[in-house]
Enquirer: 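Here it is, the structure, as structure tokens.
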Amino acid sequence: MELYSLLILCANLLLFSPKLAYATDILSSSDSLTDNGTTLLSKDGTFKLGFFSPASSTNRYIGIWYANIPIQTVVWVANRNQPINDSSGLLMIDNSTNLVLFSNNGTVPVWSSNSTKQAQNPSAQLLDSGNLVIREQNSENYTWQSFDYPSDTLLPGMKFGWDVKTGLNRRLSAWKNWDDPSPGDLTLVFERYSYPEPVMSKGRTKIWRSGPWTGLAVSGQQPSGQPDQIYHLNFVSNENEVYYVYNPENKSMLMRQVLNQSLSSNQYYAWNEAGQQWILFWSTPNDICESYGYCGSNGHCLINETPTCQCLKGFSPASQQNLYAGCVRNNRLNCSNGDGFVRFDDLRLPDSENSWVNSSMNLEECRVRCLRNCSCMAYSNLDLRGKGSGCAIWFGNLTDMRQTPYGQELYVRMSALDLDANKGSKRTKIIIIAIVVPISILMLIIGYFVHTRRAKLREDTENMLNDYEAHDQEDLELPLIELNEIVKATNNFSVANKLGEGGFGPVYKGNLADGQEIAVKRLSRSSGQGSHEFKNEVILIAKLQHRNLVKLIGCCIQGEERLLVYEFMPNKSLDFFIFDQTASKQLDWSTRHKIISGIAKGLLYLHQDSRLRIIHRDLKPSNVLLDNQMNPKISDFGMARLFGGDQTEGTTNRVVGTYGYMAPEYAADGVFSVKSDVFSFGVLVIEIISGKRSRGFYHSNQSHNLVAYAWRMWKEGKYLELVDSALGESCHLSQLMRCVHISLLCVQQNAEDRPSMESVVLMLSSEIELGEPKEPGYYRDKGPLEIDYSSSRVESSSTNELTYSLPEPR
């Protein structure tokens, strides 16, 4: 009887399950997929489904992988635990409308989709998203889908979490190794605590957790959908479902999230089409503070501090010999005798395993609720949107906290004694403020008198130019243009001709008698760039000729007028484009790379290839002009210094330049060299890549400027978070990563570690191996550089920044 049934089954397979003979995305109930090279191909050609063998294994599995990527990247496996050891596999839809995988040519079932839902006329289809679905033909309702049963990979659009009604748990488990896709002991599960959050475990041991959702982001992470992110994250929580789902900002970008057993990490990759490789742009855990419970109970982790593990105020180390053993209270709680709360800022919320939430309470109601429960140790807002709402409270020890710029307020229960000590600390702060404010006012008054005296000195230096008209024109190598010619060219310095204004004075557009377009820089008497800088700029730039340096056509020194006449740059200055959300879209990556390379070549000419060795000392976006082909031209040589012979370094008691671009040795000690310009170039490259200003960028307490932020993103493997979102699909990821790498080499703390501009030009134009950058020289309250910005010795030319804009057409 058993033999008879087997013969009937084989006959049915032969009669009703013909093999697929051509590429298609659909497997109908009358088709079968065999292990002879036939596959399903999604309509857009992104994904394939078929038989494969991983790495060096000879076992056969049914899986889904990227069709057009030369590196076979499998994103889903059906029979993870039951491989087929030969090529006898067959995939088909059975009578119960399940997908079934057989071995031994259809006689031994190996795997089934095991769906409880039925379809009258079912078919399986591989969608463009990488989702394999079973559904009624011409229906959008799925009876089963592979997205509900992920392996080690999450694709964009996949739900990670729970279907509460059915109890379906969409979780990840890593492959055991490259040869074996069966589940290892590394898992990522969305834990359904009162305050749910993803948790990664090795066996039964937690090794990482994400933090709960705060309404804006995962606690401790950057809010989703920010301009410098390449994907956005959505969280859904209701009576039916609790899950996360992510999607790339650039819909054409291929991305995947995968668990790596060997590294015990959760990794995020983007495909680099130009480089034909997967680029890791984020990984968790990404530093020691991400390791679960690294600092023990009631401690918090500070990645840039020593020691890394510190206790919350009101707590002390449980062990002086082991700072990672957690913290204990200085004073015991007494629930009936005046316990209260102390607010801590910028914390990733504690492990939410022992938590309770209420979305309808406000923060004050939350405080009262926590205070009345003697087991409640902390509370916070549940949702940070708007002014905050909802209530989350924690019981027992507070575990796995870290200091982070993306953290939030946490109110921690303290004894009455600790509250009194905290009040005393506040009184001390008030006394300090009462002392410091009058002293600050006195310093301002002194500063005013110093400024007045300097203004008088600037006026006296006008006498320096009395002999300028008699200067030998051949030595100057620059034509002197008559004032009346410039007045006529600019329509008597008409407001309609005004391009912009900086600290030196206004700039006007003009047309000379021969039709040549010019830009006229008119030195004002109250200029931050005085007569010395004017003379310096004339002498220096007159001797320079390079396609990446702005060309000085002539000058005028007549009466009170001091005028410089440049070639006109129709595309304004670089800062107009990179710092404007609309204009920045005009600069795709290839254009930005061309600008970076052009600036580098211009600096190389100044440092090495011209007959003079010149240090610019004020390289910044507003001093880079763009011609009609978007070629960069370095301008404004008022702060430049000339070196002679073999001189490579100089010192000055008068530091000039713009904060945010000055090298640390120059800002602190007045030491300048070609490496000072290299530092400024590195900052400029980071600005071009990110679209953010170095000056005024305060990302967090850990990253007080853009350089610090770029360094942190590089160290954490998140360099793509630095990239300007305006670049869109134009990104050449490997080239972009190389430019980030070069920029960090340029901004290293020690000048001798920075490359020369000759090396930079070579690195930009070749694929030579790059060294590992050391920590940059950036300005922060505590760190490798301490600078007193109030020093009267430092003179910033930040007032000289020019907004270079064309008049409206009429």
Enquirer: Is the side chain of Asn260 donor-acceptor paired with the backbone N or O of Ser265 at a distance under 3.5 Å, no angle test?
Expert: no
Enquirer: What is the distance from atom CG of Asp180 to atom CG of Asn81, rounded to the nearest 0.5 Å?
Expert: 8.5 Å
Enquirer: Looking only at atom types and distance, does a side-chain atom of Asp152 sit under 3.5 Å from a main-chain N or O of Val258, one as donor and one as acceptor?
Expert: no
Enquirer: Given 3.5 Å as the limit, does a donor-acceptor pair link the side chain of Thr404 with the main chain of Arg348, or not?
Expert: no
Enquirer: Can you tell me how far apart CG (Asn266) and CG (Leu263) are? Round to the nearest 0.5 Å.
Expert: 11.5 Å
Enquirer: Any chance the side chains of Ser115 and Ser113 put a donor and an acceptor closer than 3.5 Å?
Expert: no
Enquirer: For Asn79, enumerate each residue passing the side-chain contact (heavy atoms from CB on, under 4.5 Å) test, keeping only those at least two apart in sequence or located in another chain.
Expert: Tyr61, Ile62, Val77, Ile84, Leu101, Val110, Trp111
Enquirer: If we ignore hydrogens and angles and just use 3.5 Å, is the side chain of Glu197 paired with the main-chain N or O of Ser352 as donor and acceptor?
Expert: yes
Enquirer: Would a 4.5 Å heavy-atom cut-off, applied to side chains only, mark Pro405 and Arg712 as touching?
Expert: yes
Enquirer: Once rounded to the nearest 0.5 Å, what's the spacing between atom CD1 of Ile303 and atom CD of Glu290?
Expert: 9.0 Å
Enquirer: Drop me the distance from Gln221's CD to Trp282's CH2, to the nearest 0.5 angstrom.
Expert: 3.5 Å
Enquirer: Between the side chains of Tyr193 and Asp351, is a donor N or O closer than 3.5 angstrom to an acceptor N or O?
Expert: no
Enquirer: Should Val75 and Phe47 be marked as a side-chain contact (heavy atoms from CB on, under 4.5 Å) after you check the CA-CA gap, both sets of side-chain angles, and the distance that decides it?
Expert: CA-CA 9 Å; Val75 298; Phe47 291 98; 4.2 Å; yes
Enquirer: Give a yes or no on whether the backbone of Ile134 and the side-chain of Thr143 come within a donor-acceptor separation of less than 3.5 Å.
Expert: yes
Enquirer: Applying the ring-ring contact (aromatic ring centres under 6.0 Å, His included) criterion to Phe190, which one of Trp213, Trp162, Tyr244 satisfies it?
Expert: Tyr244
Enquirer: Does Arg592 reach the side chain of Ile689, with side-chain heavy atoms less than 4.5 Å apart?
Expert: no
Enquirer: Do Ser88 and Asn105 get their side chains close enough for a donor-acceptor pair, meaning under 3.5 Å?
Expert: no
Enquirer: Measuring only between side-chain heavy atoms, which start at C-beta, is Leu764 closer than 4.5 Å to Ile742?
Expert: yes
Enquirer: Are the side chains of Asp163 and Tyr243 in touch, meaning some heavy atoms are under 4.5 Å apart?
Expert: no
Enquirer: State, with a plain yes or no, whether a side-chain heavy atom of Leu49 is found less than 4.5 Å away from one of Ile64.
Expert: yes
Enquirer: Using side-chain contact (heavy atoms from CB on, under 4.5 Å), reason through Val133 and Leu127 one step at a time and then give a plain yes or no.
Expert: CA-CA 8 Å; Val133 303; Leu127 305 182; 3.9 Å; yes
Enquirer: Between Arg60 and Ser87 (side chain of the first, backbone of the second, donor and acceptor by atom type, cut-off under 3.5 Å), is there such a pair?
Expert: no
Enquirer: Classify the side-chain pair Gln261/Asp185 by whether it contains a donor and acceptor separated by less than 3.5 Å.
Expert: yes
Enquirer: Could you report the tightest heavy-atom contact between Leu733 and Ala270, atom names first, then the distance?
Expert: CD1-CB, 4.3 Å
Enquirer: Got a donor-acceptor contact below 3.5 angstrom from the Thr24 side chain to the Ile26 backbone?
Expert: yes
Enquirer: For the residue pair Trp278 and Tyr269, does the interplanar ring angle fall in the parallel (under 30°), tilted (30 to 60°) or perpendicular (over 60°) class?
Expert: perpendicular
Enquirer: List the steps, then state whether side-chain contact (heavy atoms from CB on, under 4.5 Å) holds for Trp144 with Leu132.
Expert: CA-CA 8 Å; Trp144 179 90; Leu132 176 66; 4.2 Å; yes
Enquirer: Evaluate whether atom CG of Asn95 has more than 12 neighbouring non-hydrogen atoms of other residues, nucleotides or ligands under 6.0 angstrom away.
Expert: no
Enquirer: Step through the shown structure and confirm whether more than 12 heavy atoms of other residues, nucleotides or ligands are within 6.0 Å of NZ on Lys176.
Expert: no
Enquirer: How long is the gap from CZ on Arg170 to CG on Leu154, to the nearest 0.5 Å?
Expert: 10.5 Å
Enquirer: Would Asp400 and Lys206 pass as an ion pair if we require N to O under 4.0 Å?
Expert: no
Enquirer: Under the side-chain contact (heavy atoms from CB on, under 4.5 Å) criterion, do Leu574 and Ile688 qualify, and how do the steps go?
Expert: CA-CA 9 Å; Leu574 179 59; Ile688 292 171; 3.8 Å; yes
Enquirer: Is any side-chain heavy atom of Leu188 closer than 4.5 Å to one of Met200?
Expert: yes
Enquirer: Donor-acceptor check, side chain of Ser57 to backbone of Ser53, threshold 3.5 angstrom: yes or no?
Expert: no
Enquirer: Mind checking whether Ser725 and Glu249 have side chains closer than 4.5 Å, heavy atoms only?
Expert: no
Enquirer: Short question: side chain of Glu136, backbone of Asn121 - any donor-acceptor pair under 3.5 Å?
Expert: yes
Enquirer: Would Ser264 and Lys202 count as having a side-chain donor-acceptor pair, cut-off 3.5 Å?
Expert: yes
Enquirer: Can you tell me how far apart OG (Ser201) and CH2 (Trp208) are? Round to the nearest 0.5 Å.
Expert: 11.0 Å
Enquirer: Where the side chain of Asn59 meets the backbone of Pro83, is there a donor-acceptor pair that is under 3.5 Å apart?
Expert: no
Enquirer: Are any non-hydrogen side-chain atoms of Val164 and Asn240 less than 4.5 angstrom apart?
Expert: no
Enquirer: Hey, is CD on Gln120 packed in by over 12 heavy atoms from elsewhere, all under 6.0 Å?
Expert: no
Enquirer: Is it the case that the side chains of Ser283 and Asn286 hold a donor-acceptor pair, with the cut-off being a distance below 3.5 Å and no angle test?
Expert: no
